[in-house]
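Letters A, B, ... mirror the listed sequences (proteins, then strands); counts begin at 1. Because only heavy atoms are used, hydrogens play no part in the values below, and waters and symmetry mates are left out as well, while side chains stay in.
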Amino acid sequence: MITVLVFAHLKEKFGQPRLVLEEQELTVSQLRRVLAEQYDLQDNSVMIAVNEEFAEEDEVIRAGDTVALIPPVSGG
Amino acid sequence: MITVLVFAHLKEKFGQPRLVLEEQELTVSQLRRVLAEQYDLQDNSVMIAVNEEFAEEDEVIRAGDTVALIPPVSGG
Amino acid sequence: MFEIIATPIDTGKVTEHVMHRNAGAVVTFIGTVRELTGEQKTLYLEYESYVPMATAKLEQIGREIAEKWPGTKSAIVHRIGRLEIGDAAVVIAVSSPHRAHAYEANRHAIERIKEMVPIWKKEHWENGEEWIGNQQGTVAYPTGKPEVDQ
Amino acid sequence: MFEIIATPIDTGKVTEHVMHRNAGAVVTFIGTVRELTGEQKTLYLEYESYVPMATAKLEQIGREIAEKWPGTKSAIVHRIGRLEIGDAAVVIAVSSPHRAHAYEANRHAIERIKEMVPIWKKEHWENGEEWIGNQQGTVAYPTGKPEVDQ
């Protein structure tokens, strides 16, 4: 299982601070496909962080990794 | 009489914070000549302020005006 | 000192953190909650953050600055939670032997925060609320992440 | 708040002076007494000023800033007398709705102070002392005064 942390408007959209996926391993692009198909989230402005670092599209996510969806930031 | 305030290294050079000139009226250029001849001060990096404002060379100084010699500044 | 905190920021403490005998110049930036944006009146803000990643990213900005402007020392504290008008949301302090570097490095820090540190602001207006960053017109990242440097 | 004072500068007070509900960005510059200049070690400094003219010139800088960057608010305090290593000699605070303006206007203020505000610094080193600004190589003003703007 892979846990995906969500923040800001995504947390409100999903009504919870994390999504739990059944996959044991998938790439960032595959994660985007899962989010589009199963969670109705199709937004390329959302970045994906793996283990607290922005991830490339071909990076492999494994069970146990910390994954987070990062919508465009607005701090400062 | 015209009183000329002096600061920093000029105050040390003259050993006093002001010079008192006998003139009743003179231009800034004439003041520079007086300073060169009577006070051995010939330094174009020294600016002259009249009534707390930087003065042009042809500005006329009259008795009662506040005159000051402003060496290159080094605040900040 | 690179921190995300949920309590008021002590600006003096952040500034003192970067001062030392050979600093010469210290530039501090305070980002505060502004009441008016155009004609729209903000009542208060809420900031949320992915704290461990945001802290790591603030530290990364500190390393970028130390590398780009040798001899500088920096500190960044960002506040999260509910903030009222006038409250400081972020304080950035940079010291340097050279004033030009202190200004430039400080400016770099705030631009980088607004670009890639996972912190989000929700504006509460008289007539509604909205998470900022989610509007149309927001720049998307074609590479899936912000560039390492602008 | 445009002042020449002979006591320690309260940085927080200068900063608070420019903060208001629509500021958004506040940039503060602190110029401190640095121990090392190259390999020369400063023991302490003495600042002297032609106080009424210096105060008027700080006010002039404030007007220049208000004109060039509308919506900004500025405050400048310079200390005179004997200052030890690490002491703040000058504090400049500028607030603005726009952070770019706050940085630029603040930078303008320190450059102008170093250019034309009648304040002089005497360095006391281990092996001597000297009024700064009186060295060979100092820029002279061919027109007899500094330009109104750089």
Does any N or O in the side chain of His78(D) come within less than 3.5 Å of the main-chain N or O of Gly76(B), such that one atom is a donor and the other an acceptor? yes
Applying a strict 4.5 Å limit to non-hydrogen atoms, the region of Lys122(D) in contact with chain B is side chain
Between Ile113(D) and chain B, with a heavy-atom cut-off of 4.5 Å, which part of the residue counts as in contact: side chain, backbone, both or neither? both
Let me know if Leu5(B) has heavy atoms under 4.5 Å from chain D in its side chain, its backbone, both or neither. side chain
Would you say CG of Asp40(B) has more than 12 non-hydrogen atoms from neighbouring residues, nucleotides or ligands within 6.0 angstrom? no
Heavy-atom contacts under 4.5 Å, residues 43-59 of chain D to chain B: Tyr47(D), Glu48(D), Ser49(D), Tyr50(D), Pro52(D), Met53(D), Lys57(D)
Report yes or no: does Trp120(D) contribute a side-chain atom to a donor-acceptor pair with the main-chain N or O of Pro71(B) at less than 3.5 Å? yes
Please flag which part of Glu53(B) lies under 4.5 Å from any non-hydrogen atom of chain D: side chain, backbone, both or neither. both
